There are 2 protein chains.
Amino acid sequence: MTSSPGTPEPFATQERATGRATITDVARVAGVSVATVSKVVNGRYGVAAATAERVLGVVADLGYESSLVARSLRRRQTNVIGVLVAEFEPFSTELLKGISAAIDGTGYELLAYCGDAGRSDHVGWERRSLSRLAGTLIDGVVIVTPTLALPVHEGVPIVAIDPHTGPTGPATVDSDNLGGARTATEHLIALGHTRIGYLGGRSDLESARLRELGFVEAMTAAGLTPDPSLVLEGGYRPDRSDRPTHDLLERADRPTAVFAANDLSAIHVIQVAQELGLRVPEDLSVIGFDNVPEAAASTPPLTTIAQSLHEMGAEALRMVIAMLESGTTASKHTRLPTRLVERASTAPPPAA
Amino acid sequence: MTSSPGTPEPFATQERATGRATITDVARVAGVSVATVSKVVNGRYGVAAATAERVLGVVADLGYESSLVARSLRRRQTNVIGVLVAEFEPFSTELLKGISAAIDGTGYELLAYCGDAGRSDHVGWERRSLSRLAGTLIDGVVIVTPTLALPVHEGVPIVAIDPHTGPTGPATVDSDNLGGARTATEHLIALGHTRIGYLGGRSDLESARLRELGFVEAMTAAGLTPDPSLVLEGGYRPDRSDRPTHDLLERADRPTAVFAANDLSAIHVIQVAQELGLRVPEDLSVIGFDNVPEAAASTPPLTTIAQSLHEMGAEALRMVIAMLESGTTASKHTRLPTRLVERASTAPPPAA
DNA sequence: CTGAAAGCGCTAACAG
DNA sequence: CTGTTAGCGCTTTCAG
């Protein structure tokens, strides 16, 4: 299989040009036209057995594999599903695990793309990534937490996970954010907390708005009035929640509990609290949202609201594939339940 | 910006053909040639300011963004780095998080590809993915746990993480697997265990061979003789380690502790043990390897050997970029340290 | 300053 | 059964 003595080598220099063998290289070495090679490689009829065999031999020798790029430009489908994310962090990678598990056996391949080089604050990343890839590189798209109205690309199935604007427009998959936030708040209230801080997510995401609403609703339902100065925005990211977290914890009348809109910022709250000499949960209770694996790894382990992240990813993938195979674009909206996961970061408030 | 009254719409139908606007659409609407559009979009000199402005307006109106595929076919570089994995599971996604964090500010974009639709047992996935993407779609490659000799693609920088055959050939990044395995074993021995089972990884991976060697060395150094019937292969995957795990735990003279070659199979050992009515760590101690976030989330939390997964990914990315920018292919080999993370899955053996 | 034309690697008619 | 041709969307000489 490796370059045997019989393999013609006269064109070796040219083959090296780009670093990989092209269909032209195969054709030349096999002494046939590129069209024939293409037919053989794609298993089309109309090629003599002997020819096919010879071509296949050369293909093996040269380690040829058709370029996804070139093929995709010519054909209208690539059999790859794209997952567009702003960044690879615990939330998107959990979805990815679910998608990856679900793609097994479907015959599709997976391509996760992160444009704008990690600059997740760069608005418009989703539209840009979509334009660059959809319709050429990928047949269908799962897009994670888009914050823009998606320009409905006709012909390219799109499913949005946790989109900026709830179940509307394109197909979506999300969680019961309102109910989950209510549950989180009720948990804190049941523990005896009355002065509760809320560290919000990104106001441009429906999930963040619903979580805040759930917080306020649960407080109100319990006869408590949320202190507006205790409701801050943390952007779902530690680097952006650091300031508001300090604001929350350094004030004299600091809350006895904080509900952070996602695990990453909740974990950061715990760290900041500890730097400030506060014990969690004795001095401060903290609850998060998401239940990414990291939540269990914090010290103390984080109490949180679990979303079925793997299932959300898997469902989004199934929806894309269904749209692909049926040709329809009926925009379905799936909402998954959430549940409370009690760990060690919440406890009754200090007796004081 | 959005289609204003002045925007010519006569070709709207054609624009919709593939679902996205192409450079041709922009050229037609702007009333210039595609060459001019290309120059404007790429900021080349030699375009009248007025023309450029008009083109940019149309670009904005149509939401045009050049196709990664078409551009990549024409130019020789795309500014995207590819991460090739067999599957998105905790190990590869941890690396991905590190890579994603490290790419910030480099100007490169990230593309993680999983060929063969999750069929990680399909040998040759790495060669196939490489041939399909390298040299066309991506400028450089980080490849995770390849099990084949990589056909050194001239001109395409490749860095392998945890490769099948240690620091040799192409650039690599790995951990001190030997030392880590020794540490894990010594931890168990220090606790008083003498009858220790070893659930290995994939024998086609250097990491797995080194971990087994470390286990044997540490046992021997402590004057213990590893029972060959207690040394099984688990393939690093729960679905493949299930059988050997049962074999290990169901025998009358079962070990009092198990060292599993990675966290995923260690967590599975805990689950199987509990199904069998064994208490962890009272009846059985379990230690893993990797320290993926999931390790802390198991019940009980898993004691394990931590690899600096994020750092490994970041380092691999840095190496690829360095090769890209310098044009050199000096194959560097980076090895990172490991450390013991004690949690609750290990304890002294039952008094019996 | 602008456009026509060639070509990246590949596939799909269509001739021979 | 095989090869020639055209063209996917884009960039890049090279003429005008």
Side-chain angles (χ1 to χ4, degrees), chain A residues 14-15 17-55 59 62-79 131-139 155-156, chain B residues 14-15 17-55 59 62 64-79 131-139 155:
Chain A
Q14 287 197 39
E15 282 166 26
T18 99
R20 65 180 280 281
T22 71
I23 196 174
T24 309
D25 297 322
V26 175
R28 192 175 38 211
V29 174
V32 296
S33 73
V34 296
T36 300
V37 176
S38 176
K39 283 172 195 152
V40 172
V41 168
N42 294 292
R44 301 272 181 275
Y45 288 107
V47 179
T51 310
E53 199 178 339
R54 179 154 42 95
V55 170
V59 165
L62 265 39
Y64 169 75
E65 198 70 52
S66 78
S67 158
L68 214 210
V69 162
R71 162 180 300 206
S72 128
L73 194 53
R74 189 60 239 257
R75 310 229 295 192
R76 272 324 181 176
Q77 59 134 307
T78 57
N79 252 272
S131 292
R132 300 194 61 177
L133 307 188
T136 35
L137 228 206
I138 54 188
D139 292 348
V156 182
Chain B
Q14 288 198 39
E15 280 164 30
T18 98
R20 65 181 278 280
T22 71
I23 196 173
T24 310
D25 297 322
V26 175
R28 193 176 37 213
V29 174
V32 295
S33 73
V34 297
T36 300
V37 175
S38 176
K39 283 172 196 153
V40 172
V41 168
N42 294 291
R44 299 272 180 276
Y45 288 107
V47 179
T51 310
E53 200 178 337
R54 179 156 38 97
V55 171
V59 165
L62 265 40
Y64 169 76
E65 198 71 52
S66 78
S67 156
L68 215 209
V69 162
R71 163 179 297 206
S72 130
L73 194 54
R74 189 59 239 256
R75 311 227 299 193
R76 273 324 183 175
Q77 57 135 309
T78 57
N79 252 274
S131 293
R132 298 195 64 180
L133 306 189
T136 34
L137 228 207
I138 54 189
D139 292 347

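Order of the sequence lines fixes the chain letters, A, B, ..., with proteins taken first and strands second; residue numbering starts at 1 for each chain. It should be emphasised that the depicted structure is a prediction, and the values quoted were computed from it without experimental measurement.
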For [N], take OP1 and OP2 only and decide whether either is under 4.0 Å from a side-chain N or O of [X].
X     : N      : value
B:T36 : C:dG3  : yes
B:R44 : D:dT12 : yes
B:R71 : C:dG9  : no
A:R54 : D:dT2  : no
B:S72 : D:dC10 : no
A:R76 : D:dG7  : no
A:S38 : C:dT11 : yes
B:R75 : D:dT11 : no
A:R74 : D:dC10 : no

Backbone N/O of A:E65 and side chain of A:R20: donor-acceptor pair under 3.5 Å: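 Pair found, side chain donor or acceptor close to backbone of A:E65.
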
Starting at the 5' end of DNA chain C and moving along, which residue's nearest nucleotide shows up first, B:A49 or A:E65?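 Comparing both residues, the 5'-ward one is B:A49.
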
So how far is it from A:R75 CZ to A:N42 CG, rounded to the nearest 0.5 Å?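 Separation between the atoms: 5.5 Å.
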
Between A:V47 and A:V34, who's closer to the 5' end of DNA chain D by nearest nucleotide?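 Looking at the nearest nucleotide for each, A:V47 comes out on the 5' side.
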
Closest-nucleotide ordering on DNA chain D, the 5'-leading residue of A:S33 and B:Y64: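 Result of the comparison: A:S33.
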
Does [X] reach the side chain of [Y], with side-chain heavy atoms less than 4.5 Å apart?
X     : Y     : answer
A:V40 : A:T51 : no
B:T78 : B:L68 : yes
A:V32 : A:K39 : no

Atom-to-atom span, [atom1] of [X] to [atom2] of [N] - whole angstrom:
X      : N      : atom1 : atom2 : answer
A:L137 : D:dC8  : CG    : P     : 18 Å
B:E53  : C:dC1  : CD    : P     : 15 Å
A:Q77  : C:dT11 : CD    : P     : 12 Å
A:L73  : C:dA12 : CG    : P     : 13 Å
B:Y45  : C:dC1  : OH    : P     : 12 Å
A:I23  : D:dT4  : CD1   : C1'   : 14 Å
A:K39  : C:dC14 : NZ    : P     : 13 Å

